Protein chains: 2
Amino acid sequence: MKRTLSVVEYSGDEECMASIAKAISHPVRIRILKLLTSQQCCFTGELTEIIPMAQSTISQHLKALLDSGLIQGEINPPKVRYCIHRENWLKAYSMFGGFFNADLACRCDCR
Amino acid sequence: MKRTLSVVEYSGDEECMASIAKAISHPVRIRILKLLTSQQCCFTGELTEIIPMAQSTISQHLKALLDSGLIQGEINPPKVRYCIHRENWLKAYSMFGGFFNADLACRCDCR
DNA sequence: TTTATTAATCGTATATTTACGATGAACTAT
DNA sequence: ATAGTTCATCGTAAATATACGATTAATAAA
């Protein structure tokens, strides 16, 4: 049977979760975020020294993280310092926490 | 200055986080997971009735979720029941929880 | 002014993702 | 056997992501 196939509309929450998930869906971006959080402070393009990837590629990944809102950059010529965007980070924390909240998970009889 | 550009090696954790994040990086997969968790029980291809997308597309997304380990399918001919994979779900919960853990976030002086 | 440093952006090649319709496999019911 | 149901898989087109080197912009240092 034929069905509608209109364009699917997503809620703001769904879009938001998905876009943050997409931001951390690449291992190098996870590594960058871990570096930014573990260094307990901001960080700059020393990332380029640490991670064996072309500078342009890293810059591209940083842009992806910026766009997601998970990090912020502070221009400090000729360098740029990146750090976690604390507010959005906390937001992500509670979003993912709520999403994966154990209590909600599958009370089914499958096995 | 020229740098190495060897292939970047990622840790198991980094790969794992990234692949789960990739699984939930599409809004329709988030919706599917929310349906599976909220229905407080398993679910079948009624998804096809609820979500205005081609059956083949939904099947494709279900495969992506299966591959991520977040859901499991139980063949129940001619139907298939899907539900959350509880163990992996809890694992994801703690992984993301640990990753976004507020205490770790950015003690920097940026602003 | 010239040179060096840092990092974004451009151009581009390749790989992956996403969507669809069509087909096929497995099983039920007639 | 035949027909119907459910769902995965195939083939495919279009969009997006990923990586690179080259270039450019902004600034500091000489």
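What you see is a predicted model, and the numbers here were worked out from it, not measured in a lab. In what follows, chains are A, B, ... by sequence order, proteins preceding strands, each numbered from 1.
- With sequence neighbours excluded, no residue forms a salt bridge (Lys or Arg N to Asp or Glu O under 4.0 Å) with B/Lys79.
- If you take CD of A/Gln55 and P of C/dA7, they are 8 Å apart, rounded to a whole angstrom.
- Counting to the nearest Å, the C1' atom of D/dA17 and the CG atom of A/Leu62 are 16 Å from each other.
- One can place CD1 of A/Ile30 at 12 Å from P of D/dT18, the figure rounded to the nearest angstrom.
- Between A/Leu47 atom CG and C/dA7 atom P the separation is 9 Å, expressed in whole Å.
- In this entry the distance linking CD of A/Glu74 with C1' of C/dA8 reads 17 Å, nearest Å.
- Closest to the B/Tyr82 side chain, of the nucleotides D/dG21, C/dT6, D/dA8, is D/dA8.
- Residues satisfying the salt bridge (Lys or Arg N to Asp or Glu O under 4.0 Å) criterion with B/Lys34, sequence neighbours excluded, are A/Glu14.
- Using bins of under 30°, 30° to 60° and over 60° for the plane-to-plane angle, the ring pair B/His26/A/Tyr10 lands in the perpendicular bin.
- When the P atom of C/dT9 is taken as reference, atom CD1 of A/Ile58 falls 16 Å away, rounded to whole Å.
- As a whole-Å value, the separation of A/Lys79 NZ from C/dA8 P is 13 Å.
- Every pair tested for salt bridge (Lys or Arg N to Asp or Glu O under 4.0 Å) that includes a residue from residues 50-60 of chain A fails, sequence neighbours excluded, so the list is empty.
- Partners of B/Lys63 according to the salt bridge (Lys or Arg N to Asp or Glu O under 4.0 Å) rule, which considers only residues two or more places apart in sequence or in another chain, are B/Asp67.
- Candidate nucleotides D/dT9, D/dT5, D/dC7 were compared by shortest atom distance to the side chain of B/Pro78, and D/dT5 ranks first.
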N/O to N/O distances under 3.5 Å, protein versus nucleotides 12-19 of chain C:
| residue | atom | partner | partner atom | Å |
| --- | --- | --- | --- | --- |
| C/dT17 | OP1 | B/Lys22 | NZ | 3.4 |
| C/dT18 | OP2 | B/Arg29 | NH1 | 3.1 |
| C/dT18 | OP2 | B/Arg29 | NH2 | 3.4 |
| C/dA19 | OP1 | B/His26 | NE2 | 3.3 |
| C/dA19 | OP2 | B/His26 | NE2 | 3.2 |
| C/dA19 | OP2 | B/His61 | NE2 | 2.5 |
| C/dA19 | N7 | B/Gln60 | NE2 | 3.0 |

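- One can place CG of A/Asp67 at 10 Å from P of D/dA17, the figure rounded to the nearest angstrom.
- Take B/Val80 and apply the side chain to side chain contact (heavy atoms under 4.5 Å, CB included) test, not counting sequence neighbours, and it matches B/Ile75, B/Tyr82.
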